[in-house]
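Working notes, structure below.
Hydrogens, waters and symmetry mates are skipped; everything else that's a heavy atom, side chains included, is used. Residue indices begin at 1 and follow the sequence shown.
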Amino acid sequence: MKKRYFAAGFGVLLAATTSPAQAKDDQPCAANMVCASDPATIVTALQKAGYKAKLTKDGVGDPEIDSAASGYSYSIYFYDCVDHKQCAAIQFYASFEADPTYTEAFANKWNNDKRFLRAHISAKKELIFDHDVSTIGGLNQTNFADLLGWMESSLSEVNRYLNPKTK
């Protein structure tokens with residue numbers, strides 16, 4: 001089974017939409033806070049927690065961070081951005097190439113049993129796991145470190161879910 005991440009058309013569609021959050025997060029990110037409005041704070045917090053973090057841009061020009069945990073690569077996409085800046089939210093996003101076992105029932109079983117990381121099947125039949133987080137007002141370092149801990153734990157559970165014989 002191949003592991004990978006990619007920018008989905010759904011993410012591009014969401015990035016192109018507007019929301020009330022856009023107008024609310026035009027303030028600078030406060031000192032020692034982690035904010036989507038300042039992607040460098042997310043990169044720094046990831047690296048401080050021992051994770052890789054490469055800041056790039058997605059297909060529409062919004063920030064994107066590539067990282068990994070529990071042996072899986074994932075992306076952090078930025079949403080509710082104004083002119084590719086002043087973003088208000090992030091999404092942790094991991095995808096897996098299409099497999100006949102990846103069905104809506106397979107994803108729904110995960111969603112019924114787990115919190116934090118949502119599963120769904122893309123139009124291309126890929127299995128997607130994602131988690132959205134609003135950062136309006138910023139997250140303190142402890143909150144963001146906890147979020148990263150949940151992400152790593154959830155990806156470990158994904159591994160056991162996708163490979164039940166390796167428990």
A quick test of your reading: do over 12 heavy atoms of other residues, nucleotides or ligands sit less than 6.0 Å from [atom1] of [X]?
X	atom1	answer
Asp83	CG	no
Trp150	CH2	no
Asn32	CG	no

Measure across [X] and [Y] and return the closest heavy-atom pair with its distance rounded to 0.1 Å.
X	Y	answer
Ala88	Ala36	C-CB, 3.9 Å
Leu148	Ala49	CD1-CB, 3.8 Å
Pro63	Cys87	CD-SG, 4.0 Å

For Lys57, what residues pass the salt bridge (Lys or Arg N to Asp or Glu O under 4.0 Å) criterion, not counting sequence neighbours? none
For [Y], does its backbone N or O pair with a side-chain atom of [X] as donor and acceptor, under 3.5 Å?
X	Y	answer
Asp62	Asp58	no
Asp146	Thr142	no
Ser153	Gly149	no
Tyr102	Ile128	no
Ser67	Lys52	yes
His131	Arg115	no
Ser70	Tyr72	no
Trp110	Leu117	yes
Asp66	Lys54	no

Atom [atom1] of [X] and atom [atom2] of [Y]: how far apart are they, to the nearest 0.5 Å?
X	Y	atom1	atom2	answer
His120	Ser95	NE2	OG	9.5 Å
Thr101	Phe96	OG1	CZ	11.5 Å
Glu97	Leu127	CD	CG	12.0 Å
Phe78	Glu64	CZ	CD	9.0 Å
Ile65	Ile42	CD1	CD1	5.0 Å
Ser134	Gln91	OG	CD	13.0 Å

Check for me, please, whether Ile90 and Leu55 land in the same ILVMFWY cluster - side-chain distances under 4.5 Å, paths through other members count. yes
Linked, directly or transitively: Leu46 and Met33 (ILVMFWY side chains, under 4.5 Å): no
Between Phe106 and Tyr161, what is the ring plane arrangement, given parallel below 30°, perpendicular above 60°, and tilted in between? tilted
Salt bridge (charged side-chain N to carboxylate O under 4.0 Å, His left out) partners of residues 147-158, not counting sequence neighbours, each pair once: Lys114-Glu157
Could you tell me if the side chain of [Y] sits less than 4.5 Å from the side chain of [X], heavy atoms only?
X	Y	value
Thr41	Phe144	no
Val133	Leu139	yes
Phe116	Leu147	no

For Phe92, what residues pass the ring pair (Phe, Tyr, Trp, His ring centres under 6.0 Å) criterion, not counting sequence neighbours? Tyr74
